Every structure is written in structure tokens, then in C-alpha cells.
Amino acid sequence: LAMVLKNLVGNAVKFTERGSVRVAVEPIEGALRFVIADSGIGIEPSELPHLFEPFHQAHGARSRRAGGAGLGLYIVGRLVELLGGQIAVQSAPGSGTTFAVTLPLETAAQ
């Protein structure tokens, strides 16, 4: 869980030059939802289906300048899956990005 949150918050900070990054935890029935929302550059709709693929960099040249190999979100997706959870993303160019990670309470308590 720590690695998931570190990666998502790190990406939010990396792609938000101005504005804010918000991290929240919400209890929902039988689970906890971790929400990481930023007001950064956002992600093109055509990129959203590929975010969790290995070596994929949604922001192209900007991602390469900021560093990274395109494995962070792939690892996040796999870890969330291994923890029995789900991950969702909402984004629009220029409007920021929101990731929501939902984990069963049994997993979140470990």
C-alpha cells in the first residue's frame, strides 16, 4: 500500500506545476478508498486505456524529462490487484487527474 500511494502521489506532484495535490481516505462499505487528486496537466482520453501497461508513458517527452521508465503505474496496478483491490482513474487534459484505489478492509488493515 505504501508503494502504491508513494507512486501515485509522486506522479501527482511531478505533473502539477501549479495548483494542488489532494490525498484523502474514505471508508466505504467493507473497504477503504484512497483518493489522489491533482490539478495538473491531465491525461489525454486516448491514453487512459494504456496507463497500466508496462513501459507506457502517457506524457511522452515530458515524462522522459521528469524521469521514469514507464513502469510506475504498471506496478501500481499489479500491486492493487494482488491486494484484492481496484483502481480507477479520471482525467482530462488541463483539468488534472484523480486516481481512486479501493481496498478491502482486511487488506488495508494488514
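One-based numbering along the sequence shown. Everything numeric in this text was worked out from a predicted model, so none of it was measured.
A side chain to side chain contact (heavy atoms under 4.5 Å, CB included) with Thr97 holds for exactly one of Val89, Ile36, Val21, Asn11; it is Val89.
Residue Thr102 holds its OG1 atom at 12.0 Å from CG of Leu83, rounded to the nearest 0.5 Å. Between atom CD1 of residue Ile43 and atom CG of residue Leu73 there is a gap of 7.5 Å, rounded to the nearest 0.5 Å. Of the inter-residue distances, the one linking Glu29 atom CD with Leu105 atom CG reads 10.0 Å to the nearest 0.5 angstrom. Rounding to the nearest 0.5 Å places CD of Glu81 at 10.0 Å from CG of Leu79. Atom-to-atom distance recorded for Ile41:CD1 and Thr16:OG1 is 8.0 Å, nearest 0.5 angstrom.
Residues Leu8 and Phe34 form no side-chain contact, since every pair of their non-hydrogen atoms from C-beta on lies 4.5 Å or further apart. Within the 4.5 Å cutoff, the side chain of Val4 has no heavy atoms near those of the Ile75 side chain. Using a 4.5 Å heavy-atom threshold, the side chains of Phe99 and Leu51 count as touching. A 4.5 Å side-chain heavy-atom check between Leu71 and Phe55 finds at least one atom pair inside the cut-off.
Residue-environment remark: CD (Glu26) exceeds the threshold of 12 foreign heavy atoms within 6.0 Å.
Hydrophobic cluster membership is shared by Ile87 and Leu48, with clusters built from Ile, Leu, Val, Met, Phe, Trp and Tyr side chains linked at under 4.5 angstrom. When hydrophobic clusters are built by joining Ile, Leu, Val, Met, Phe, Trp and Tyr residues whose side-chain heavy atoms come closer than 4.5 Å, directly or via intermediates, Val101 is grouped together with Leu5. The cluster map of Ile, Leu, Val, Met, Phe, Trp and Tyr, joined by side-chain heavy atoms under 4.5 Å apart, puts Val35 and Phe52 in different clusters.
When all heavy atoms of Pro54 and Tyr74 are compared, the closest pair comes out as CD-CD1, 3.6 Å. Across Arg33 and Ala100, no two heavy atoms sit closer than the pair CD-CB, 4.0 Å. The two residues Gly19 and Ser39 come nearest to each other via the heavy atoms CA-OG, 3.2 Å.
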